[in-house]
> 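Structure provided below as structure tokens; questions to follow.
In this chain, numbering begins with 1 at the start of the sequence shown. These numbers were taken from a predicted model, which means no experiment stands behind them.
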Amino acid sequence: MIHLALSDIVIILLYFSAILFVGFRTAKKTTKNEEDFLLAGRSLTLPIFVMTLVSTWYGGILGVGEFYYRYGISSWVIQGVPYYFFAALFAMFLAKKIRATNFYSIPDKLEQSYDKKTATLGAFLTFILMTPAPYVLMLSVFLQMLFGWSLFVAMLVTAIVAVSYLFAGGFRADVETDVVEFVLMFLGFAIIIPFCFSNFGGITFLQNNLPQLHLIWHGGNSIQFIIVWFFIALWTLVDPAFHQRCYAAKDERVAQKGIFVSILFWLLFDMLTATAGLYARASIPNLENPIMAYPMLAEKILPPIAKGFFYVGMLATIMSTLNTLAFVSAQTLGRDIFLRLRRFDNSLQSNANNSTFTIKICLIISFALSVILALVIPSVIQIWYTVGTIVIPGLLVPLIASYFEQFKISSRIAFLAMLFGWLCSLGWLIVGNINGNGNYPFGIEPMYPGLFISIIIFLGGKLIQ
């Protein structure tokens with residue numbers, strides 16, 4: 001298990017103190033103005049844009065270690081390449097369009113392109129998609145491993161640290177803490193790699209001690225299995241955090257260029273995490289729980305202080321994503337669902353003064369709901385799978401179509417495509433669980449029929465309009 005020296009504990013506590021300090025210091029700069037609280041006044045420069053986007057995309061660091069331990073470099077093929085591909089598409093075709101709208105959220109765009117009903121349904125799906133539950137669970141379990149706390153105490157600490165400064169400083173607090181966490185996540189993994197080389201040697205050690213398939217690009221997986229992950233990576237195109245960063249960028253150029261630069265940093269971080277994962281598999285071949293790959297590697301080779309910084313790097317990776325999802329989730333629940341349902345005119349401006357207060361209350365509510373979900377489904381991978389499978393088929397087609405005039409569809413068709421795409425995947429998932437975990441009709445994953453139905457409704461709508 002994990003053993004921490006006093007110096008390691010001090011480093012970890014200093015990390016949490018620094019995050020709270022930066023978060024609350026930022027709160028002094030944040031006003032009650034809606035644009036300032038939700039998007040930091042649309043002021044993100046290129047370096048800040050890159051650091052906040054890169055850091056928020058890597059919250060599942062324990063799962064990353066597990067994948068590399070189990071599947072070797074093929075994990076990069078199925079969990080890296082598809083996301084680079086769709087991020088590049090996002091940058092080429094969507095980033096500038098999103099920034100040019102000057103909206104605040106995905107539901108704003110859906111209402112402008114379609115109607116209030118479609119926007120409200122889109123907000124509901126966005127709220128599900130952005131639940132911070134996987135990261136609440138992951139951070140709480142990690143704190144349990146580090147300090148031996150109960151799950152309740154770990155979740156309480158997670159809530160206090162993650163929510164308190166967001167409550168005070170809004171999006172600006174999220175961004176400025178992301179900058180700190182960007183540096184620490186790279187530092188943590190940059191520290192462990194030289195110790196791997198020093199303790200075990202270079203590529204020859206890996207070649208001699210890894211299963212043969214771990215160094216082959218497909219890892220023994222079928223082409224069909226690899227293609228499935230490209231469909232899962234469609235998440236990128238509807239990810240509210242991507243859209244939020246584009247809305248907050250200083251201009252359209254920053255939004256587009258920032259994503260391309262971010263892809264390079266994701267590639268660099270993937271190289272670090274992949275190397276550490278391969279060394280974990282080669283040096284600890286019979287690890288009972290592969291999710292512990294990175295922590296057990298650290299326990300094996302890192303001395304005090306270095307170990308503390310490595311664990312801080314892992315904590316920072318999780319926290320940066322948790323913060324963003326918690327804030328977007330609160331904004332979606334408060335502004336895009338609650339206030340949208342309350343208003344009787346055609347604009348959110350009449351509720352702008354209430355928006356900040358409502359979002360702060362919903363930050364607490366959404367976090368509490370995510371804690372409940374984490375307790376009901378105590379599996380990070382299962383939460384990811386369930387949420388992505390049922391939401392992406394509903395959101396993808398209507399949202400992408402809304403940005404291109406040649407794909408324009410009526411409000412009624414957009415609503416039906418969103419509704420039945422979501423319901424079809426949800427129903428397919430439920431039937432599969434009734435039949436037995438993963439025993440889906442015809443052996444087809446739930447995402448496919450949902451996407452198929454949504455596309456068919458979209459195409460039918462285009463033909464008749």
Side-chain angles (χ1 to χ4, degrees), residues 53-92 134 185-186 189 192-193 196 202-239 242 259-285 287 290-291 293-294 297 314 317 321 380-382 384-385 387-389 392 396 438 443-448 451:
L53 187 62
V54 169
S55 61
T56 58
W57 198 238
Y58 265 99
I61 194 62
L62 291 174
V64 171
E66 178 182 0
F67 264 83
Y68 280 113
Y69 189 93
R70 291 185 184 275
Y71 305 113
I73 63 173
S74 66
S75 298
W76 176 74
V77 175
I78 63 177
Q79 288 203 314
V81 175
Y83 290 95
Y84 308 154
F85 175 75
F86 285 113
L89 287 183
F90 190 104
M92 286 189 288
M185 62 188 272
F186 277 90
F189 278 88
I192 201 170
I193 301 303
C196 290
I203 186 66
T204 302
F205 170 80
L206 295 177
Q207 290 173 333
N208 292 337
N209 291 276
L210 285 171
Q212 184 179 0
L213 289 175
H214 271 55
L215 294 176
I216 298 176
W217 72 270
H218 56 75
N221 297 307
S222 67
I223 296 299
Q224 182 180 355
F225 177 81
I226 294 171
I227 291 174
V228 165
W229 283 96
F230 272 84
F231 277 94
I232 293 174
L234 285 168
W235 187 311
T236 306
L237 300 180
V238 299
D239 188 283
F242 260 66
I259 296 175
F260 283 123
V261 175
S262 295
I263 293 172
L264 298 178
F265 278 101
W266 288 324
L267 176 60
L268 174 60
F269 194 66
D270 276 340
M271 292 172 62
L272 296 174
T273 57
T275 303
L278 294 176
Y279 271 104
R281 178 63 177 85
S283 62
I284 317 171
L287 186 60
I291 202 171
Y294 290 146
L297 178 64
M314 292 188 67
T317 307
T321 305
V380 171
I381 294 175
Q382 188 61 36
W384 280 338
Y385 174 83
V387 168
T389 292
I392 293 172
L396 183 66
I444 298 174
E445 293 287 321
M447 182 180 291
Y448 294 137
L451 279 174

> For V77 and H218, what are the C-alpha separation, side-chain angles and deciding distance, and is it a side-chain contact (heavy atoms from CB on, under 4.5 Å)?
CA-CA 7 Å; V77 175; H218 56 75; over 6 Å; no
> Rounded to the nearest 0.5 Å, what's the gap from CG on L451 to CD1 on I392? Could you check?
8.0 Å
> Can you name the nearest heavy-atom pair linking A87 to W266, along with the distance?
CB-CZ3, 3.9 Å
> In terms of heavy-atom contacts, does CE of M92 have more than 12 from other residues, nucleotides or ligands at under 6.0 Å?
yes
> Donor-acceptor pair, distance only, cut-off 3.5 Å: does the side chain of H214 make one with the backbone of L206?
no
> Is a side-chain N or O of D239 found less than 3.5 angstrom from the main chain of W235, in a donor-acceptor match?
no
> Sequence neighbours left out, what passes side chain to side chain donor-acceptor pair (under 3.5 Å) with W76? Give chain and number order.
Y84
> Please find out if less than 6.0 Å separates the ring center of W57 from that of F242.
yes
> Between CG of L215 and CG of L278, what distance do you get to the nearest 0.5 Å?
6.5 Å
> Counting only heavy atoms not in F86, do more than 12 fall under 6.0 Å of its CZ?
yes
> Rounded at 0.5 Å granularity, tell me how far CD1 in I232 sits from CD in E445.
7.5 Å
> Let me confirm one number: the CD1-CD1 distance from I291 to I61, rounded to the nearest 0.5 Å.
11.0 Å
> Apply side-chain contact (heavy atoms from CB on, under 4.5 Å) to residues W217 and I226 and explain how you reach the verdict.
CA-CA 11 Å; W217 72 270; I226 294 171; 3.7 Å; yes
> With side-chain contact (heavy atoms from CB on, under 4.5 Å) as the criterion, how do L234 and L237 come out once you've worked through the C-alpha distance, each side chain's angles and the decisive distance to 0.1 Å?
CA-CA 6 Å; L234 285 168; L237 300 180; 4.0 Å; yes
> Looking at residues at least two apart in the chain, or sitting in another chain, which of them share a ring pair (Phe, Tyr, Trp, His ring centres under 6.0 Å) with F189?
F269, Y294, F310
> Going through the checks in order, is the side-chain contact (heavy atoms from CB on, under 4.5 Å) test met by L268 and F186?
CA-CA 9 Å; L268 174 60; F186 277 90; 3.8 Å; yes
> For the side chain of S262 and the backbone of L53, is there at least one donor-acceptor N/O pair under 3.5 Å apart?
no
> By the salt bridge (charged side-chain N to carboxylate O under 4.0 Å, His left out) test, which pairs, at least two apart or in different chains, include something from residues 70-91?
E66-R70
> Rounded to the nearest 0.5 Å, what's the gap from CD1 on I78 to CD1 on I73? Could you check?
12.0 Å
> Taking Y69 for its side chain and P285 for its backbone only, find out whether a donor-acceptor pair lies under 3.5 Å.
yes
> Say you draw a straight line from OG of S283 to CG of L297; how long is it, rounded to the nearest 0.5 Å?
5.0 Å
> Quick one, R281 and P290 - any side-chain contact, counting heavy atoms below 4.5 Å?
no
> Please give me the minimum heavy-atom distance between I192 and A276, naming the atom from each residue.
CG2-CB, 4.3 Å
> Classify the side-chain pair D270/Y58 by whether it contains a donor and acceptor separated by less than 3.5 Å.
yes
> Which heavy atom of S74 sits nearest a heavy atom of G219, and at what distance?
CB-N, 3.6 Å
> With distance as the sole test, does Y68 use its side chain to make a donor-acceptor pair with the main-chain N or O of A293 at under 3.5 Å?
no
> Which pair of non-hydrogen atoms, one from F205 and one from N209, has the smallest distance, and what is that distance?
O-ND2, 2.8 Å
